[in-house]
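Naming convention: chains lettered A, B, ... in sequence-line order (proteins, then strands); numbering from 1 in each chain.
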Amino acid sequence: MTGFRLAQGGRIDRSRPLSFTFAGRAYRGFAGDTLASALIANDALLVGRSFKYHRPRGIYAAGAEEPNALMQLGVGERTEPNARATQVELYDGLTANAVNAWPSLEWDLGALTGLASGLFVAGFYYKTFMWPPAFWNKVYEPAIRRMAGLGTAPREADPDLYDKVHVHADVLVAGGGPAGLAAALAAAQAGADVLIADEQAELGGSLLSARATLDGWLRATLEELRGMPNVRLLPRTTVFGYYDQNYLCLLERRTDHLGPAAPAGISRQRLWHVRARQVVLATGAHERPLVFAGNDRPGVMLAGAVSTYINRYAVVPGKRAVVFTTNDGGYRTALDLAAAGAQVLAVVDPRPESAGDLPAQAHAQGIEILNGHAVVAASGGKRLDSVSVAKLGGGAARGVVCDLLAVSGGWSPVVHLFSQSQGKLRWDEAKHCFVPGTVTQAQRSAGAANGSFALGAALAEGFAAGAEAAKDAGFGGWRAPEPPEVDDPREAPPLALWQVPGAEGRGKAFVDFQNDVTASDLKLAAREGFESVEHLKRYTTTGMATDQGKTSNVNALAILSDATGRSIPATGTTTFRAPYTPVTYGAMAGRDRGDRLDPIRVTPIHPWHVARGAVFEDVGQWKRPWYYPQGGEDMHAAVRREAKAVRTSLGVLDASTLGKIDVRGPDAAEFLDRIYTNGFRKLGTGRCRYGLMCRDDGMVFDDGVTTRLADDHFFMTTTTGGAARVLEWLEEWLQTEWPHMKVYLTSVTEQWATVSFAGPRAGDVLRELSPALAVDEESFPFLSMREGVVAGLPARIFRISFTGEASYEVNVPSHHGLALWQAVMAAGEKHGITPYGTEAMHVLRAEKGFIIVGQETDGTVTPLDLGMDWIVSKQKDFLGKRSFARPDTSRADRKQLVGLLPADPAEVLPEGAQLVWDAAESPIRMVGHVTSSYWSPNLGRGFALALVKGGRDHHGKTILAPLAGKTVEARIVAPNFLDEGGKPLHG
Amino acid sequence: MQRFSIVSLARNALTGHKDWPRYWRSPKPKAEYDAVIVGGGGHGLATAYYLAKEHGVTNIAVLEKGWLGGGNTGRNTTIVRSNYLWDESAHLYEHSLKLFEGLSQELNYNVMLSQRGVLNLAHNLGDVREGIRRVNANRLNGVDAEWLGPAQVQEFCPIVSISPSMRYPVMGATLQRRAGVARHDAVAWGFARGADALGVDIIQNCEVTGFDIREGRVRGLRTNQGDIATGKVGIVAAGHNSVLCEMAGVRLPIQSHPLQALVSEPIKPVHPCVVMSNAVHVYVSQSDKGELVMGAGIDSFNSYAQRGSFPVIEHQMAAVLELFPIFSRLRMLRTWGGIVDVCPDASPIIGRLPVEGLYLNGGWGTGGFKATPGSGHVFAHTIAREAPHPLAAPFAFERFTSGALIDEHGAAAVAH
Amino acid sequence: MADATLFARRRSPLQDHGAALSRGAVSGPRGVTLTEIPHLAQITLRGDPGNTDFLAAVRSALGLDLPLKANTVAAAGDVSALWLGPDEWLIAGAPDSEADLTARLNAALKDQHVSVVDVTANRTVLELAGPSARAVLEKACGLDLRPREFKAGQCAQTNLARTVGILEMTQGGAWRIYVRNSFAVYLADWLLDAMAEYAIDAKF
Amino acid sequence: MLLIPCPWCGERDETEFRYGGQAHLARPLDPHATGDAEWAEYLFMRDNPKGWFRERWNHAAGCRRWFNMVRHTVTHEIAAVYKPDDPKPELPE
Ligand SMILES: Cc1cc2nc3c(=O)[nH]c(=O)nc-3n(C[C@H](O)[C@H](O)[C@H](O)COP(=O)(O)OP(=O)(O)OC[C@H]3O[C@@H](n4cnc5c(N)ncnc54)[C@H](O)[C@@H]3O)c2cc1C
Ligand SMILES: NC(=O)c1ccc[n+]([C@@H]2O[C@H](COP(=O)([O-])OP(=O)(O)OC[C@H]3O[C@@H](n4cnc5c(N)ncnc54)[C@H](O)[C@@H]3O)[C@@H](O)[C@H]2O)c1
Ligand SMILES: Cc1cc2nc3c(=O)[nH]c(=O)nc-3n(C[C@H](O)[C@H](O)[C@H](O)COP(=O)(O)O)c2cc1C
Ligand SMILES: [Zn+2]
C-alpha cells in the first residue's frame with residue numbers, strides 16, 4: 001500500500017462514501033473525489049497503457065492536462081470513451097475501465113510492440129509496409145487498424161438529451177481561480193452582467209489545492225457573487241472556443257457527475273453560445289513535466305498535482321517521495337508531502353542554489369536539497385521503485401528507492417483561448433514561458449494565464465482586469481476594491497531544463513506521453529529535415545493526442561529549438577485550436593435531432609393527405625404527397641391510376657407549396673421583362689404567362705407562371721424548391737443593380753393555398769363550386785385569372801395547366817385551404833375525383849414535354865437547349881441573354897431536350913441512364929442522358945425525356961442506353977408525346 | 001536517395017537511428033532556374049517531381065512561403081475518389097487515382113492509400129436520380145461505380161442508420177470501391193523527397209512577393225529571399241492563387257473561402273469506409289490512428305484566415321448524428337480550417353495565363369487532394385511542352401470566356 | 001363587414017395542436033406557457049419613409065405614426081405597426097380586421113407608390129410567457145434578450161431555431177412570435193421541447 | 001462567428017446574413033455591346049484580396065436589405081458598413 005487517504009482535511013465529504021469499480025475491481029471513495037483521486041486513495045495508480053508501446057501509465061496530473069488516465073466510463077448505450085479520470089467526478093456506481101489494454105491492464109499483449117520499439121520510431125510506417133504492394137490493403141493496413149484507437153464507441157444511439165443556449169454578457173470570465181473570481185467580483189460590483197465559467201466542479205481554481213489559502217476570501221467572494229442578480233456562476237463549464245468578435249462557446253456538464261442518478265428530462269450537457277462585450281481570461285497555468293529516462297513510470301507525477309491530491313482530495317500518492325523541480329514551486333509540494341506524513345527523501349533541484357523562502361522552509365524541516373542535481377532515470381515496471389539522481393555535468397548516479405516522484409519543469413500559462421482569439425504570444429525570457437502578447441479582441445488576461453504566478457499578483461491583476469473590462473463594457477466610475485492581503489513567498493528565478501542531460505542511453509525519455517513521443521523521436525525528426533515545429537508535430541504526432549499537448553508542447557518545441565540551433569520564440573508554437581478540451585458531438589447537435597434536424601414544412605391541407613394515407617416526398621423542407629396508395633397498391637399501380645384519372649376524368653393536386661411573390665409598383669412590368677426571358681409588358685390584366693428565368697450566365701434558374709392583377713401589380717409563382725432563392729434573387733437585382741426601379745416584392749407563399757384540379761371534368765367542378773363564374777372558353781380563356789368565390793370562399797382562380805389537361809388552380813387564403821380542398825373533393829365525387837401526388841404530376845407533365853427545373857436542367861442548360869426558343873424574346877434584353885452568344889453556349893451540338901420512346905414499349909429507362917450512339921465504341925462516347933422517364937398509362941408505354949448532343953437534329957434516330965447488364969434502344973422524338981400520339985389536348 | 005524498407009529500418013534501429021539522411025535539402029535559392037513552381041503543397045511538389053522525372057527538367061525550384069505541405073495538403077479530409085460526373089473531370093481524376101494506386105512504390109514512400117470505398121448517400125428523389133446518372137456515366141468512363149440500395153448501404157457500412165423515419169432517410173448511395181483515403185502529409189513528403197532526389201530545389205520560408213514581367217513575358221520573380229530569374233512560372237498556390245495572379249496583373253474567377261474540418265478523439269475502429277452526403281454536407285471517415293475525420297461545408301465569406309465559424313460545424317454535427325447515432329457520446333478533439341480557392345464551376349483551372357510563361361494550376365476548391373499526382377502530372381506536361389496535356393485542355397482558363405464550364409456543382413455538390 | 005361563416009371556416013396551422021400546447025404548459029416560479037393567437041390580421045406595408053405624404057396617409061388610415069426607428073413597434077388601440085425594414089412594416093390588428101385595414105390603407109394611399117398586401121394567412125402568432133420564457137427563447141434565438149436590451153414595444157426579425165420569425169415583446173412582457181404557417185408546427189414543437197425541462201422539479 | 005452591424009438593424013450574428021461577394025461590380029450597361037472577354041470579366045472575374053475587402057451582405061433573416069461592408073479577410077475585423085448608394089469609404093491602412 002503506497003497511496004493513501006488522510007484522516008482529515010481536503011474538500012471531500014467523508015459522510016458520503018461512494019462505491020465504484022475500475023478494471024473490474026470494486027473500490028470506495030467519497031463525494032468530492034475525482035475518479036483519479038479515488039483511485040490514488042485506493043493505491044490504483046496504474047490506470048492505462050500508452051498508445052503505441054502499451055507502456056504502463058499512471059495518473060500524472062490533476063486536471064485537464066492529464067495525458068495518461070483515460071477511461072472507458074460506463075457500459076452499454078451510455079458508455080463513454082477516453083474520459084480523463086482527473087476530470088471525472090466520482091458518483092456511486094461508477095464503472096471505469098482502461099482504454100487501451102488487452103486482455104487486461106496488468107497483462108497487456110500490446111506491450112509486445114515495446115519489444116520491437118527500436119523499429120517503431122517516428123515516421124516508421126512511411127518507410128515500410130510497401131512490399132509487396134498487394135499486402136498493404138490486405139495485411140498491413142488491417143493490422144495497423146487493429147492497433148488503432150483508444151476507447152470504444154457505444155453501439156447504440158445515445159439516450160441522453162443535449163441542449164444549447166445563446167446569451168449575451170457584458171463581461172465573460174474564463175476560469176474561476178483567484179484571478180477569475182477577482183475579475184468577476186470587480187466587474188459585477190461595477191454593475192456589469194458577468195458570466196464566470198470554470199471547468200471544475202467548484203470554483204476556486206488553485207485556491208482549492210493550496211494549504212495556506214484565502215479560504216475566507218473564497219467563501220465570502222462566492223457568496224457575494226451568488227447573491228448578485230447580474231452574475232451567473234457556471235461551474236463544470238469549459239470555455240472551449242474563442243471566435244471572432246468575442247463569440248465564445250462553453251460546454252456545461254449538467255448531469256455527468258450524477259451518473260445513474262441524473263434526473264430524466266434534463267439535458268446531460270449544454271452548449272453555451274456567448275457574445276461578450278469584454279472577456280477576461282483567467283485560465284491559470286499548466287505545469288510542465290521534466291524529460292528524462294523512464295519519466296513515464298506510474299508514480300511519476302506533476303508536483304502541483306501531488307499538492308492538489310493532498311490538499312484538495314486528502315490523498316497522498318506515495319509514501320516515499322522525491323521531488324524534482326526547476327523552480328521554487330516544487331518545494332511547496334515537498335512541504336505538502338511532509339505535512340501529509342509522507343517521507344520526502346530529497347528535493348532534486350538542478351539550480352546551483354535555492355535561494356527562495358520555500359526552499360528555506362524545506363531546509364528548516366530537514367528535507368534534503370540536492371542542488372545542481374537532476375533525476376536522470378526512473379525505474380520500475382507497473383509502479384515506480386527508484387530514481388537515479390546525478391550531479392549535472394557528470395558524476396555517478398545514485399539510486400533512491402521511492403514510490404513517488406513529483407516533478408516540476410516550470411509552468412506554461414494556459415494561453416489556448418488567448419491564441420484562439422488570434423492574440424499573439426510573447427516568449428518571456430525570465431519566466432521561460434509563452435505569455436499573452438498582442439491582444440486583438442476586447443479581451444484581457446489575468447493571473448497565471450498572464451504569467452503572473454504569484455497569488456498576490458494574480459489577485460491584483462484579476463481585480464484590475466475585471467474593473468477595466470466593466471469600464472470598457474460601459475460600466476465605469478467604479479473603483480475596484482483592494483485585493484486581500486497575501487503573503488507570497490519570495491521566489492528565486494526558475495531554471496529552464498528542457499531535457500535532462502545525462503539521461504541519454506538510459507531508456508526512453510517521453511515528451512508526449514499519450515502518443516509515446518520521445519525526445520529521441522523529436523531529434524530524429526529534426527535530423528531528417530522536419531525542422532518546422534509544424535512538421536515536427538505531424539511527423540512525430542507530438543501534441544496531437546487527446547490532451548493536445550498541454551503538458552508536452554513547450555518541451556517539444558524547446559527540444560526542437562535546441563536540435564536546430566534556433567531560439568524558442570523563433571521556433572514558435574503550433575497553432576492552438578478549439579476546442580480547449582474535447583466536446584461531445586451530442587452537445588454540438590443540441591436538440592436539433594430527429595425531426596428537429598430540419599424544419600418539416602406542411603401545407604394547410606396536410607392533415608387530409610395524412611388521413612388519406614399519402615406517401616410523402618421531400619421537396620426541400622416540404623412534405624408533398626408523392627402518391628396515394630389504395631388497397632395495397634404499390635407505387636406504380638397508384639401512379640398509373642392517378643395519372644389515368646386526370647386524363648380521363650378528374651384529378652386534384654395540392655399545389656400550395658409553389659412559391660408566390662406579390663410584385664407591385666409602376667416599374668413592375670419592366671422589372672419582370674428584365675428577369676424573365678419572355679416579355680410581360682404587354683400581358684393583359686387578368687392574363688397569365690409562363691416564364692423562364694436565367695442567371696446572367698444564361699443557364700435556366702427557375703420557372704413559373706406570372707399573372708397580371710393590375711397595371712402595376714403582378715402575382716408570380718416559382719418552383720417549390722426555388723421560392724426563397726428567387727425572392728432573394730429578385731431583391732438583389734432591385735436593391736443593388738436597379739435601385740431606381742419602383743417595385744415592391746412581398747412573399748405570399750403561405751398566404752395562399754392552391755388546389756389544382758385537372759381533367760375533362762374540371763370545368764364541371766368549377767361551375768358547380770362557383771356558380772356565379774362564367775367558365776366558358778370565351779369568358780374564361782386558357783391562361784387567365786378571375787377573382788371570385790369558390791365553395792363560398794373568396795378565391796383567385798387561374799386557368800393554367802401543367803398537365804396538358806383543362807385545369808384550374810384555385811387560390812384561397814391558406815386558412816381556407818382545407819375547406820376548399822374538401823369542397824372540391826365533395827363536388828368531384830360524382831366524377832370519381834382522384835387526388836394525385838407529385839409522381840403522377842411528373843408523368844403528366846412529361847407526357848406534354850414540360851420541364852422541371854432541377855430535373856431537365858442542372859445548372860448547365862439554357863432555354864435554347866430546352867427547345868424553348870418560343871419563350872426567349874428577340875426584342876428585349878433580359879438577364880442571361882448576352883451569355884447565349886458566347887462561343888460555347890451558341891454551339892449547334894449542345895445537349896438539347898428530346899423525347900425518347902424505348903423500342904420495347906414495356907421498357908422504362910432508368911432516369912440517369914447515359915446515352916450513346918455506338919455501344920461498341922471504345923472509349924465509349926456519351927452524348928446525353930435520360931432526365932425523366934416514366935410509364936405512361938395514357939400512352940400505354942414507357943417514355944422519357946433526355947438531353948442529347950445536337951438532339952433536335954436527330955429526331956427519328958435510334959439511340960442506345962447501355963445499362964448494367966443490357967443495352968436499351970430508343971427512338972428520339974420531339975418532346976411532346978400527347979401531340980405525337982395525336983391525342984387531343986383539353987388545353 | 002536512401003531507399004526505405006523494413007530492412008533499412010531494421011539496420012538503422014541497430015545504430016539508434018542516428019544515420020537517417022534528410023528527406024530534402026535546405027538549399028538557398030539560385031539566381032536562375034529553368035522553371036519555378038510557386039507553392040509547396042502536394043500539387044506543386046508533384047508538378048516538380050514529374051517535371052524532373054518525366055520531362056528531364058531538373059533545374060527547377062519549388063518556392064514555399066511556409067513549411068511544405070502546410071497549406072490545404074496538410075489540412076484536408078484525405079478523400080480520394082474519381083467518380084465525377086462530367087467526362088472531363090472523370091478522366092482527370094481517374095488518371096490521378098491510377099497514379100495514386102502505384103504512388104507508394106513510385107515514391108518509395110508509404111502514402112497509405114486505403115481503398116476502403118466511398119459511399120455518396122442519396123436522401124431524396126433528386127439525389128437518387130443524380131446518383132444513378134453518375135454511376136452510369138462513371139461506368140462508361142471506365143470508373144468503377146455501383147448503386148446501392150439502403151440495405152446494401154448498411155451492409156457496407158453497418159453504423160449508418162437507414163431508418164426510414166429519419167429526417168433525411170438514406171434512399172441509396174453510389175459506391176466507388178477503389179476510392180478511399182490516403183495519408184495527406186505523406187503525399188507531400190513523398191513527392192518532396194522524390195523531387196529533391198531528382199535535383200529539385202525545395203525552398204521553404206520563401207514567399208513570392210512579385211513578378212518580373214516585361215513585354216508580356218515572365219522574366220523572373222521576387223521573393224523574400226531575393227530575386228530569381230526564370231522564364232516559366234507555375235503558380236500552384238491554393239488559397240493564394242488570386243493574390244499571386246494579382247501581382248502578375250491577372251484577375252481570376254476564384255474566391256477564397258474557409259473550409260473547416262475536425263477530428264474526434266481516437267476510438268477503436270468502428271467505421272470501415274468513407275461516407276459522404278451532399279444534402280447535409282457531411283463526409284466522415286476513420287483514420288488508421290482511430291480518429292473520426294469529418295469535414296464541413298465552406299464558410300460563406302471570403303477569408304484567408306484558415307478558420308471559420310462554429311455554427312457551420314455545429315450544423316454539420318447535427319446531421320452527422322442522424323446518420324451515425326452512435327457518435328453522439330464521442331468527442332470532437334480539434335477543429336481547423338483551410339483556404340479553398342473556389343471556381344464558379346467547382347472545377348480547377350490548369351494551363352496558361354494571359355502572361356507568357358505564366359501557368360496556373362488552381363481553383364481545386366474543396367476537392368483537390370485526390371488529384372494531387374494527376375494534377376502534377378498533367379501540369380508538368382503542360383509546362384514542359386508549352387502545350388496543354390490532353391486531360392488538362394478542357395480545364396483551360398479560356399473556358400470562362402467561351403462558356404465551356406465544367407460545372408460539377410449539380411451532381412457533386414460537396415466535391416471532396 | 002366580415003362574414004362570420006367565412007371566419008368560422010378558417011383553420012390555423014396549430015388548430016390541431018391545442019392539446020400539445022396545453023400539455024406543455026409549466027406553472028409555478030419556473031413556469032412558461034406557449035399559446036397560439038390565431039388569425040391576427042396582418043398586412044405588409046411597403047412605402048418610402050422619407051415621403052411625408054406617405055406617413056401622413058398611414059397616420060390617417062391607422063391612427064398611428066409608423067415607427068421609423070428600427071426594431072420598434074407603434075400601436076394605437078388594436079392596431080400595431082412593427083418595423084421590419086427601412087421601407088417595410090407589418091401592420092397587425094384584431095382577427096378579421098384585415099379587409100377593413102387593407103381598405104383603409106388602400107384608400108389613404110391611392111396614387112402613391114406603395115404596397116399593401118394582406119398576409120393574414122401567411123403567418124400565425126405564438127405567445128411565449130412566464131418566468132422561464134426568456135430562458136426558453138434563448139435556446140432558439142441569438143439576440144440579446146436581456147430585459148435591459150429587449151423591452152416591451154420592441155420587435156426584431158431573426159433566426160428562431162432553424163427557421164425565421166418576427167419577435168415582439170408585448171406590454172405585458174410576453175414574447176410574440178410571428179412564424180410562417182408552414183413552419184408553425186415545427187417551431188411550436190421545438191419550443192415545447194425546450195420548455196420541458198422547466199416542468200421537472202429536480203435539484204441537481 | 002462574425003458580429004455584423006447591419007446599417008439598419010444594428011449588430012447581429014453572421015448566421016442572419018447571406019454573403020454576396022465583391023461589392024461595386026457594375027453590370028455592363030449594354031451587355032450586347034461587350035465582347036466575350038469583357039462579358040466573362042463581368043460574369044466570373046472577381047477581386048479576392050488578402051486584406052481589406054469591400055463586400056456585399058444581405059440581412060436575410062432580418063430586414064432583407066443588401067448593404068456593403070469593409071472587412072479584413074485575414075483578421076475578420078469590420079471597418080465599415082454602408083448602404084448600397086452611400087459613397088465608397090476609404091480602405092483602412
Ligand atoms: C478542410 C478541407 C478538407 C478537404 N478535403 C478534401 C478531400 O477530402 N479530398 C480532396 O480531394 N480534397 C480535399 N480538400 C481540398 C484539398 O486539400 C486541396 O484541393 C489540395 O490539397 C490542394 O493542394 P495544393 O497543393 O494545390 O495546395 P496547398 O497544399 O494549399 O499548397 C499551396 C501552397 O502554396 C503556398 N503559397 C501560397 N502563396 C505563396 C507565395 N506567395 N509564395 C510561395 N508559396 C506560396 C502555400 O503556403 C501552400 O503551401 C480539402 C480542403 C480542406 C481545406
Ligand atoms: N507556484 C507557481 O509557480 C504557480 C504556478 C501556477 C499557478 N500558481 C498559483 O495559481 C494561482 C493563479 O491563479 P489563477 O486564477 O490565475 O489560476 P488558477 O489556476 O487558480 O485558476 C484557473 C482556473 O481556470 C480553469 N480553467 C482553465 N481553462 C479553462 C477553460 N477553458 N474553461 C473553464 N475553466 C478553465 C481551471 O480549471 C482553474 O480552475 C495563484 O494562486 C498561484 O499561486 C502558482
Ligand atoms: C486527416 C487529418 C487527421 C488529423 N488528425 C489529428 C489528430 O489525430 N490529432 C490532432 O491533434 N490533429 C489532427 N489533425 C489536425 C492537425 O492537428 C491540424 O489542425 C491541421 O493539420 C491543420 O493545421 P493547423 O491547425 O496547424 O492550422 C488532423 C488533420 C488531418 C488533415
Ligand atoms: Zn437588417
Side-chain angles (χ1 to χ4, degrees), chain A residues 80-82 118-119 121 124-130 133 137 141 144-145 148-155 157-158 241 243 249 524 528-529 532 534-535 538 546 577-579 582-586 588-589 592 595 597-598 617-618 858-860 886-889 910-914 924 926 929, chain B residues 4-6 9-10 13 17 20 22-24 67 70 87 104-105 109-110 114-115 124-126 129 132-133 136-137 140 142 167 185-186 265-270 288-290 309-310 314 317-322 325-336 402-404 407 409-411:
Chain A
E80 180 185 346
N82 307 341
L119 288 180
V121 289
F124 74 96
Y125 33 83
Y126 303 121
K127 294 176 177 165
T128 177
F129 304 133
M130 286 176 282
N137 272 339
E141 196 195 15
I144 291 174
R145 292 206 92 187
L150 294 168
T152 49
R155 283 171 200 283
D158 189 347
Y243 302 90
C249 291
L524 167 64
E528 291 190 283
S532 151
E534 298 288 6
H535 275 158
R538 286 158 178 84
T546 66
R577 294 277 193 186
V583 174
T584 320
Y585 289 120
M588 293 176 69
D592 291 339
D595 279 350
L597 176 64
D598 198 14
E617 177 193 2
D618 284 329
D858 59 7
T860 69
R886 294 178 299 165
D888 189 74
T889 330
E911 289 172 352
Q914 296 290 323
I924 202 159
M926 287 171 263
H929 75 282
Chain B
F4 288 156
S5 68
I6 184 72
L9 201 57
H17 298 281
W20 288 110
R22 297 177 64 92
Y23 273 44
W24 42 76
W67 39 286
D87 299 351
S104 294
Q105 287 71 31
Y109 200 70
N110 194 343
S114 175
Q115 294 177 290
N124 55 45
L125 297 174
R129 198 178 298 121
I132 292 175
R133 177 180 175 194
N136 282 313
L140 297 181
R167 181 68 185 87
D185 291 326
E265 297 180 317
I267 47 163
K268 297 272 179 269
V270 283
D288 281 349
K289 240 173 73 223
S309 296
F310 191 61
E314 268 181 300
M317 285 314 112
V320 166
L321 293 197
E322 292 308 297
I326 68 162
F327 290 174
S328 172
R329 299 179 84 81
L330 306 182
R331 283 183 292 254
M332 170 178 83
L333 171 62
R334 186 173 172 99
T335 60
W336 66 92
S402 72
D407 195 340
H409 280 126

Top residue by heavy-atom pair count (under 4.5 Å) with chain B, among A:Gly586, A:Pro133, A:Pro582? A:Pro582
Below 4.5 Å from any heavy atom of chain B, which atoms of A:Thr584 appear? Answer side chain, backbone, both or neither. both
Heavy-atom distances under 4.5 Å only: say whether B:Leu333 touches chain A with side chain, backbone, both or neither. both
Note: vs chain B, highest number of non-hydrogen pairs under 4.5 angstrom among A:Glu534, A:Glu80, A:Glu617 is A:Glu534
Identify which part of A:Asn137 has an atom lying under 4.5 Å from any heavy atom of chain B, answering side chain, backbone, both or neither. side chain
Value for CG (B:Leu140) from CD (A:Gln914), rounded to nearest 0.5 Å, stands at 6.5 Å
Heavy-atom pairs under 4.5 Å with chain B: which of A:Asp595, A:Thr889, A:Leu150, A:Leu524 has the most? A:Leu150
All side-chain contact (heavy atoms from CB on, under 4.5 Å) counterparts of A:Tyr125, not counting sequence neighbours: A:Phe129, A:Thr541, B:Met112
Just so I understand: if I count every heavy-atom pair under 4.5 Å between each of B:Pro266, B:Gly403, B:Pro325 and chain A, which residue has the most? B:Pro266
Could you measure the distance from the CZ atom of A:Phe124 to the CD1 atom of B:Ile6? Nearest 0.5 Å is fine. 9.0 Å
Could you tell me whether a side-chain N or O of B:Asn110 sits under 3.5 Å from a main-chain N or O of A:Thr128, the two making a donor and an acceptor? yes
Less than 4.5 Å to any heavy atom of chain B: does that hold for the side chain of A:Ser532, its backbone, both, or neither? side chain
In this structure, CE of A:Met588 is separated from CZ of B:Arg331 (nearest 0.5 Å) by 13.5 Å
Between NE2 on residue A:His535 and CH2 on residue B:Trp67, distance to nearest 0.5 Å: 6.0 Å
When only pairs under 4.5 Å are counted, which of A:Gly859, A:Gly529, A:Gly241, A:Pro910 shares the most heavy-atom pairs with chain B? A:Gly529
Could you have a look at A:Ala589, A:Pro81, A:Ala148 and say which one has the most heavy-atom pairs with chain B under 4.5 angstrom? A:Ala148
Answer yes when B:Arg129 and A:Glu911 have at least one side-chain N-carboxylate O distance shorter than 4.0 Å, and no when they do not. yes
Count the heavy-atom pairs under 4.5 Å between each of B:Gly126, B:Gly142, B:Pro269, B:Ala319 and chain A, then report the option with the highest count. B:Pro269
Between atom OH of A:Tyr585 and atom CE of B:Met332, what is the distance when rounded to the nearest 0.5 Å? 7.0 Å
With a 4.5 Å heavy-atom cut-off, do A:Met926 and B:Asp87 have their side chains touching? yes
Checking heavy atoms, do the side chain of A:Arg538, its backbone, both or neither come under 4.5 Å from chain B? both
Under 3.5 Å: donor-acceptor pair, side chain of A:Arg577, backbone of B:Trp336: no
To the nearest 0.5 Å, how far apart are CD1 in B:Ile267 and CG in A:Asn82? 8.0 Å
At a heavy-atom distance under 4.5 Å, which candidate from B:Gln115, B:Arg167, B:Arg22, B:Met317 has the highest pair count against chain A? B:Arg167
Keeping the roles fixed (side chain from A:His929, backbone from B:Asn136), state whether a donor-acceptor pair exists under 3.5 Å. no
Non-hydrogen atoms of chain A under 4.5 Å away: do they reach the side chain of B:Asp288, the backbone, both or neither? both
Across all chains, not counting sequence neighbours, the side-chain contact (heavy atoms from CB on, under 4.5 Å) partners of B:Ser114 are A:Glu141, B:Arg116, B:Val181
Given a strict heavy-atom distance threshold of 4.5 Å, which part of A:Leu119 is in contact with chain B: side chain, backbone, both, or neither? both
What one should report as the nearest heavy-atom pair of A:Asp858 and B:Arg133 is OD2-NH1, 2.9 Å
Any donor-acceptor N/O pair, A:Lys127 side chain to B:Phe4 backbone, under 3.5 Å: no
Out of A:Asp592, A:Val583, A:Thr152, A:Ile144, which one racks up the most heavy-atom pairs below 4.5 Å with chain B? A:Val583
For B:Ser328 and A:Asp158, does a side-chain donor sit closer than 3.5 Å to a side-chain acceptor? yes
